[in-house]
Amino acid sequence: MISATSPGELRIEHLVKTFGPVRAVDDLSFTVAPGRVTGFLGPNGAGKTTTLRVLLGLAAPTSGTATVGGRRYADIEHPARVVGAALEATSFHPGRSARDHLRVYAPQIGVPDSRCDEVLETVGLAPVAHRRVGGFSMGMRQRLGLATTLLGDPQVMILDEPANGLDPEGIAWLRGFLRYLAGQGRTVLVSSHVLSEVQQTVDDVVIIAKGRLVHASDMAGLRDLAGSQVMVVSPDAAGLRALVARRWPAAASPVDGRDGAVLLRDVSAAEVGSAAFAAGLELHELSPRDRGLEDVFLQLTAEEVAA
Amino acid sequence: MTATLRTEFRKLVTTRIWWVLLAAMAAYMVFLGATMAFSFTVDGGTTTSVTGSTTTTQLDPLDIARTVYTLAPALAYVFPVIVGVLSITGEVRHKTTTLTYLVEPRRGRVLVAKLVASLPVGVLFGLAGTAATVLAGATVLGIRGDATMLGEPTVWRAIGLSVLAMTVWCMVGVGFGAVLPNQVAAIVVLLAFTQFVEPLVRIGLVAVHAPGVAQWLPGAAGEAITGASLYTSLAGGQMLPWWQGLLVLVGYGLLLAGIGRVTTVRRDVT
């Protein structure tokens with residue numbers, strides 16, 4: 001069943017996680033490839049964190065599997081040396097210094113204390129290494145969370161909303177750092193509820209809503225969706241409706257307050273033009289609309305929520 | 001396992017709360033050691049019977065010394081228990097359980113490491129609590145002109161067992177935290193049980209002529225380890241031999257940890 005899986009590949013297969021009557025994750029399947037930065041996107045409450053918690057062995061799946069390099073997280077010998085994960089930017093004992101926080105986990109991960117100083121240096125927290133975490137800003141906590149994931153020099157990085165609380169400078173730094181990690185062949189999975197936050201960083205996107213997969217592709221695939229929308233206007237509203245219902249029943253969305261106007265997704269203007277010509281339908285407008293990626297993202301996730 | 005132990009031990013000693021509790025306990029025991037030594041010597045074993053006739057039975061100075069010097073496990077055991085409890089509830093409260101299980105997904109192993117790592121901390125609480133009691137108690141006994149009995153081997157044995165009892169209490173705290181990981185709930189239940197429920201139940205059991213049952217309660221078992229029980233001398237009743245007291249108290253810790261293992265420790269971390 002498990003084919004030649006590369007050590008850094010994440011594989012979610014038919015994953016279901018229910019909390020009482022709520023299906024937080026609903027038959028979700030996707031893979032995340034090494035050497036790339038993958039954005040794990042969806043609105044708040046879409047099931048991103050739950051999926052990550054199951055993948056990381058913190059929560060038990062109701063059914064389905066989630067594996068790292070073909071193995072369940074709990075079956076990995078030294079998991080923190082294979083996967084570095086930061087799930088919450090607030091998971092620190094406020095009374096510990098940044099360095100003590102790292103020193104606590106160093107023995108279990110199997111790295112010397114000197115490694116703690118190295119990673120603090122890497123994320124730019126060396127000057128505040130001895131300050132108590134309770135006084136840290138959100139951005140500093142994010143950096144400390146990142147430093148913690150780096151302790152074991154893992155092949156796989158899983159970061160939940162790592163840009164939250166970072167200032168623009170911090171976001172630019174994070175972007176460069178994630179690209180650098182992926183450039184070393186590592187698997188980098190970054191979750192976010194805002195596409196624009198990660199769209200310049202990621203190679204691939206996995207978009208979920210209501211616990212279900214709504215889109216998975218590389219960024220180019222997502223951009224294709226953005227470009228292929230056509231505005232169609234005809235004086236013959238009934239004829240247009242009939243044509244749309246016959247040819248592209250699933251691709252149409254109405255235009256507010258305009259009878260005889262329709263927006264068609266995933267269809268080229270040429271296709272619509274030739275179909276209208278063949279049907280003898282008079283068109284007054286046939287224009288490709290360039291949608292923003294955020295619009296695509298919102299539409300993808302909203303559809304699932306509506307359904 | 002060594003790595004897990006080192007991680008758990010570092011968790012305990014990199015926060016400041018245990019220092020605060022250690023200092024508070026030491027101060028409390030200086031006060032109690034001095035007061036108890038004083039009251040024992042002033043009252044000198046004078047007991048007033050219900051009929052009003054006063055009989056003076058001079059208490060054995062050895063018993064006085066042993067009772068005073070082992071006050072820590074009788075009255076201050078709640079301090080090491082709280083430190084043990086915090087090692088679990090603190091993780092839940094600060095949401096560090098996530099990271100703990102990320103670096104060691106074998107949760108049973110983490111719990112065992114917490115139990116073992118609590119022992120050296122318990123020894124420290126035992127040493128500090130007992131030393132504070134003995135210093136204050138012996139000073140007052142000396143000032144009052146009574147024998148400090150510090151040359152007696154049985155006194156030193158009681159002092160050593162007092163340290164041992166405090167150590168076990170710290171481990172019991174870890175087990176209790178595993179059963180009740182909510183910090184506020186755990187502390188409230190702990191204080192209510194140790195300071196109110198158990199003393200009342202012990203006195204009640206003696207009153208209904210079932211002192212044999214009271215000796216199996218955790219507080220009674222803890223006092224039995226040192227062999228000098230304040231409550232037993234106050235309320236009457238029976239006491240287990242020291243080694244049975246030790247086994248019973250260790251048993252409570254392991255039983256609680258076992259219950260925690262199959263209940264709260266197994267749950268999803270959210």
Side-chain angles (χ1 to χ4, degrees), chain A residues 17 19 24 49-50 52-62 72-111 113 116 132-134 144-145 148-149 151-152 154 158 160, chain B residues 1-22 82-83 85-114 116-117 120-121 177 181 183 262-270:
Chain A
K17 176 68 182 176
F19 296 106
T49 304
T50 302
L52 297 181
R53 286 193 172 274
V54 172
L55 174 64
L56 295 166
L58 296 166
T62 305
R72 289 192 321 132
Y73 187 86
D75 296 335
I76 301 171
E77 184 65 30
H78 287 285
R81 284 195 235 160
V82 178
V83 182
L87 290 190
E88 283 167 288
T90 50
S91 300
F92 305 104
H93 192 295
R96 286 191 190 111
S97 70
R99 187 168 183 278
D100 274 347
H101 163 77
L102 297 171
R103 276 185 62 246
V104 161
Y105 298 99
Q108 180 72 72
I109 296 171
V111 295
D113 287 359
C116 303
R132 304 204 311 146
V133 179
L144 183 56
T148 314
T149 65
L151 273 176
I158 296 175
D160 196 13
Chain B
M1 194 65 210
T2 320
T4 316
L5 259 176
R6 285 179 62 205
T7 283
E8 289 306 325
F9 186 70
R10 283 184 175 187
K11 275 183 196 167
L12 283 168
V13 298
T14 49
T15 52
R16 296 190 298 194
I17 182 72
W18 72 283
W19 275 114
V20 175
L21 287 167
L22 190 77
I82 286 179
V83 171
V85 167
L86 289 178
S87 81
I88 290 192
T89 62
E91 294 234 40
V92 173
R93 183 171 139 83
H94 300 298
K95 297 186 172 183
T96 50
T97 317
T98 293
L99 191 48
T100 294
Y101 290 156
L102 281 178
V103 297
E104 178 50 279
R106 291 169 292 189
R107 299 183 183 186
R109 193 176 272 245
V110 173
L111 183 57
V112 170
K114 280 187 188 295
V116 178
V121 178
Q183 183 146 309
V262 296
T263 54
T264 69
V265 174
R266 269 167 59 173
R267 282 185 202 150
D268 287 354
V269 184
T270 50

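Throughout, protein chains are lettered first and strands after them, A, B, ... in sequence-line order, and every chain is numbered starting at 1.
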Shortest non-hydrogen contact between B:Pro105 and A:Tyr73, atoms and distance: CG-CE2, 3.8 Å
Largest heavy-atom contact set with chain A, pairs under 4.5 Å, which of B:Thr15, B:Leu102, B:Thr97, B:Val103: B:Leu102
Atom group of B:Thr100 that falls short of 4.5 Å from chain A, counting heavy atoms: both
Option among B:Lys114, B:Arg106, B:Glu104 that satisfies the side chain to side chain contact (heavy atoms under 4.5 Å, CB included) test with B:Thr4: B:Glu104
Side-chain (A:Arg53) to main-chain (B:Val269) donor-acceptor, under 3.5 angstrom: yes
Toward chain A, the part of B:Arg93 with a non-hydrogen atom under 4.5 Å: neither
B:Gln183 side chain to B:Thr89 side chain, donor-acceptor N/O pair below 3.5 angstrom: yes
Contacting region of A:Arg96 [heavy-atom separation from chain B under 4.5 Å]: both
Part of A:Thr148 within contact of chain B (heavy atom distance under 4.5 Å): side chain
A:His101, part contacting chain B, at a heavy-atom distance under 4.5 Å: side chain
Selection from B:Thr98, B:Thr2, B:Leu99, B:Thr270 maximising heavy-atom pairs under 4.5 Å formed with chain A: B:Leu99
Region of A:Leu56 in contact with chain B, defined by heavy-atom distances below 4.5 Å: both
Chain B interface, residue from A:Ala106, A:Gly95, A:Gly57, A:Pro94 that has the most non-hydrogen pairs under 4.5 Å: A:Pro94
Minimum-distance pair of heavy atoms, taken over all atoms of A:Gly152 and A:Val111: CA-CG1, 4.4 Å
Presence of salt bridge, A:Asp100 and A:Arg132, under 4.0 angstrom: no
Short side-chain donor-acceptor distance under 3.5 Å, B:Thr96 and B:Lys11: no
